[in-house]
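Written below as structure tokens is the structure these notes are about.
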Amino acid sequence: MTRTTGSGPVLSADQLSIIFDGKDAAGHAVEVRACNKVSLDLHAGEIVALVGESGSGKTTLARAFARIFAPDEGEIRFHGERITGRPKRSFYRHVQLVYQDPFASLNSLKTIRHILGRTIRIHKPELTRSEVTAQILQLLEMVALTPAEDYIDRFPSSLSGGQRQRISIARALAVEPDVILADEPTSMLDVSIRLDVLNLLDAIRRERGVTILYITHDIASARYVSDRMCVMYSGELVESGPTEEVVSNPRHPYTQLLLASAPDPSRTKPAEPGDTPDVDEPADPSQAISGCRFNPRCPAVMDRCTAEKPPLFTVGEQQVKCWLYDGVEAPTRARSTDEEHRP
Amino acid sequence: MTRLLEVSDLDVVYLGLTDEGNVRACADINFTLERGEILGIAGESASGKSTLLTAVTRLQQAPAVTPKGSVRFYDAGDSEGVDLIAADEKALRRYRWSDISIVMQSAMACLNPVTRLEAQFADALRAHDRSLNRAQIRQRTADLLAMVGIAPQAMGKFAHELSGGMRQRALIALALACDPDLIVMDEPTTAVDVVMQRQILNQILRLQHELGFAVLFVTHDLSLLLEMADRIAIMYGGRIVEIGQARQIADDPQHPYTRGLRNAFPSLTEPRRERHGIPRSPPDLRKLPAGCAFEPRCDESVAACAAVRPELLDIGPCLAACHVRAAERGVAPLPTARPATEVIA
Amino acid sequence: MDRLLRNPKVVIGLAILAFFVLVAIFGPWLISALGLNPRAVDDGAIATPPSADHWLGTNNTGQDLFAQLVVGARGSVVVGALAGTIATVMAVAVGTTSGYLGGTADRTINAIVNVLMTLPGFALLFIIAGYVQNAGYILIALVIGLLGWPGGARSIRAQTLSLRNRDFTSALRTTGESTWRIILVEVIPHLGGVISAMFLSALVGGIFAESSLAFLGLGDTSGITWGTMIAQAQSSGAILRGQWWYFLPPGLCIAIIGFATALINFGLDEITNPKLNSSLAARTRRFNADLARANGRKVTA
């Protein structure tokens, strides 16, 4: 499903680090690398899923792409050009962010007409009032809030969570962007309406060629909608590759753990409860860990893992940050921690 | 199996400033829970699931009231049972924590932020057995924490010094303190990440297997329930619309809402295909339709559905409240579209 | 807005304020229409209690106190309104800018605000009013307003900070909206409640400050305000002689305006915080008691 164009990535992070001032457990000031030397390319018309748990740095990465945080190291490039120092308004003409919480991301005191209309006017000040209205109606229809006339003068408070999230998506579409960064757009919504928001993102990609970065902690929904999947752990990108490859043949022990832990409706209650591998919680980015950041939790840990940080190894179509794949061309799958749970 | 809890005809109403402003958040709730059983209650926002839980545990606060129904709790050897709704505070205290304990979604809000874990365990343990001395309490606390995989040193810590997953597990250990017959869990894993969620669920299953308590597990995430519950009740618009064995809900859901919900979870193992959610939004409890609350979103509805509210009937594989399914199974004929007061099989 | 006008406290408070505003606007005209003059001396009625001729009696020079009270409303209300407006505008401008911009700008502004807050405002007012002999009440209003904003600016800043961290302002920034438009159009409407409460307390503060200055003889002695009326009553020994009609009416007017603003603030509190609404809790208690009685149970709390 991946579409590749010869012209290179639309938006890319190159060895990007975002550093916050933080405190360690003892209260000493430390440097917290919420994103640590992350490189990620988004190509035209693809949906890339960025999967990780809380504290993995996935939202920080999205906000760095949206220029809410400035890179402390490395670069963000738009069509190959550095964006640091460039005016933000023209950047937002091309790159838009959809927020997680549809209850917080819309101004509750403004009508849908104002919310969408302002975004259109900022980027197309030449439009007349009636042209703006026509565009608002068109946007509402695009996100399936029909009849659009019924919605245009309503306030966000009279809409359900799913409808509000559609307004957020419509606002992002208002500028006719090249890239939409969707930060957990469905996690606050009821289960029964999540899929249709994902289907909407997919339709936007198909019909308008918009590149979408879908950030989520729900690996099953990531599989449902994405072409490529990137897995983050503790501020680092640990595995990436075509979605089906990553899901059916996860290489990094963390990806394997994540997949084994995800709820799967095709499993039901076992007659005998299985043994739980007692894994620690994810490493906080403020923790100092030498070598691979996953080593304290890794079932396949080796001496080398605590000594040296692994580089990215290419295994087939996947890229994995794990010493297991050093010099291995096509390795057998690393032992999964929860093999017995898989049907 | 012996009966542990029996909820009959329970209504919960949030009072408004006038009678027109009253909102019935739970209506005609009927279900039973056997000793040692895990019953899951799944529903979306405004389905009434959390309201039901606070009513059953008598933790509801104004303006919520229980105008009708009973929640009968059968203590070991007590065949009469006691109605928790009618019981006064003093009678309730006998059952709280020693027979029925609770695990809430936000552990941070449930644990006392200014006392160490040990003191909170001591409170719970002493309430149950006043004769315990300090050494016994420490020993018991350490044992309880060990059950959920927490090192005994953690008992000297404050809640904020623990990670989210640890706090949630500590709360489960606290719920186990008095060896209860029933643990009520309200979205106990919603605030933690997937890996920790899996561990906590496995731990609950293991402990339940060892200790034999029953669980009433409320969540919005049906996929979790499919993996851990014995039976599942599906709530929609304040009513139970389907209740059946977990296996049946997973493989052969009956109510159109359950089918829609079941289909709304993308799989990690099945081949990728286009799926659809359920169109439109969950209902507003203040403006419920006269007939089936799901009718506006249902793709199987017939004329009768908008006019006559379906009752929860035994349709063979499970209990379901759906005219179309009941007619298909030959349990009850499709009602005529004119509103009837009662439809009884 | 609808809910605002359905709250009795707000409605009564607003009605009282509206009444005084009307008096301030039309009072002098009404007085001359009645053929009265606040400065005219009635030699036949020196310091008389209320009568048919002089509804609120006269002062020691035989001036009609009703006419003075009505005409004086303009001075007091204008000083209060002007001072309140100036203080509120300053507080909103400084508070939102500082809170929204954050960083160095915020730290600098905050430092200045903190210094201003340590200034003893009333003492400063004294010095200025004493220095500018017989300052007109517009100047007094300016001084009161300009000294009265730092406290308000701090609370507006705190509110703005929390709004700034809400996703919707971040979302507006990532649509490319300009900073000043976000503050003016998107953020300030959320501060409506705080701003109106602040304006009302500044208004009352202005009226109090003007009266206090006049009472101490530092006001506009040529003008007629409630403050100068009380000051004259005091200087002519009305309080000692028990000439209540002399000082009580202007004092009551000031107190009633204070009461009206307090009513409005209480009403606003009830609207924005439904938990203060006591009738729901009472309804729940009644319902449970009825239910328990119907079931023949003992009523528990």
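Below, chains carry the letters A, B, ... as their sequence lines are ordered, and counting in each starts from 1. Not measured: the values here are computed from a predicted model.
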### Message
Using heavy-atom distances under 4.5 Å, tell me whether B:Asn22 contacts chain C through its side chain, its backbone, both, or neither.
### Response
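The answer is the side chain of B:Asn22.
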
### Task
Indicate yes or no: at least one non-hydrogen side-chain atom of C:Phe287 is less than 4.5 angstrom from one of B:Pro67.
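C:Phe287 vs B:Pro67: side chains touch.
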
### Query
Rounded to the nearest 0.5 Å, what separation is found between the CG atom of B:Asp19 and the CZ atom of C:Arg283?
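Going from CG on B:Asp19 over to CZ on C:Arg283, the span is 5.0 Å.
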
#### Entry: CZ/B:Phe158: more than 12 non-hydrogen atoms of other groups inside 6.0 Å
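Count over threshold, so yes.
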
### Message
For C:Arg154, I'd like to know if atom CZ has over 12 heavy atoms of other residues, nucleotides or ligands within 6.0 Å.
### Response
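Atom CZ in C:Arg154 is not packed in, count stays at 12 or less.
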
### Query
Can you list the residues that meet the salt bridge (charged side-chain N to carboxylate O under 4.0 Å, His left out) rule with C:Arg157, with sequence neighbours excluded?
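Result, salt bridge (charged side-chain N to carboxylate O under 4.0 Å, His left out) vs C:Arg157: C:Asp106.
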
### Query
Closest heavy-atom contact between B:Val65 and C:Asn288?
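Of all heavy-atom pairs spanning B:Val65 and C:Asn288, the closest is CG1-OD1, 3.6 Å.
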
### Residues in side chain to side chain contact (heavy atoms under 4.5 Å, CB included) contact with B:Ala91, at least two apart in sequence or another chain
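Counting only residues at least two positions away or on another chain, B:Ala91 forms a side chain to side chain contact (heavy atoms under 4.5 Å, CB included) with B:Ala87, B:Asp88.
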
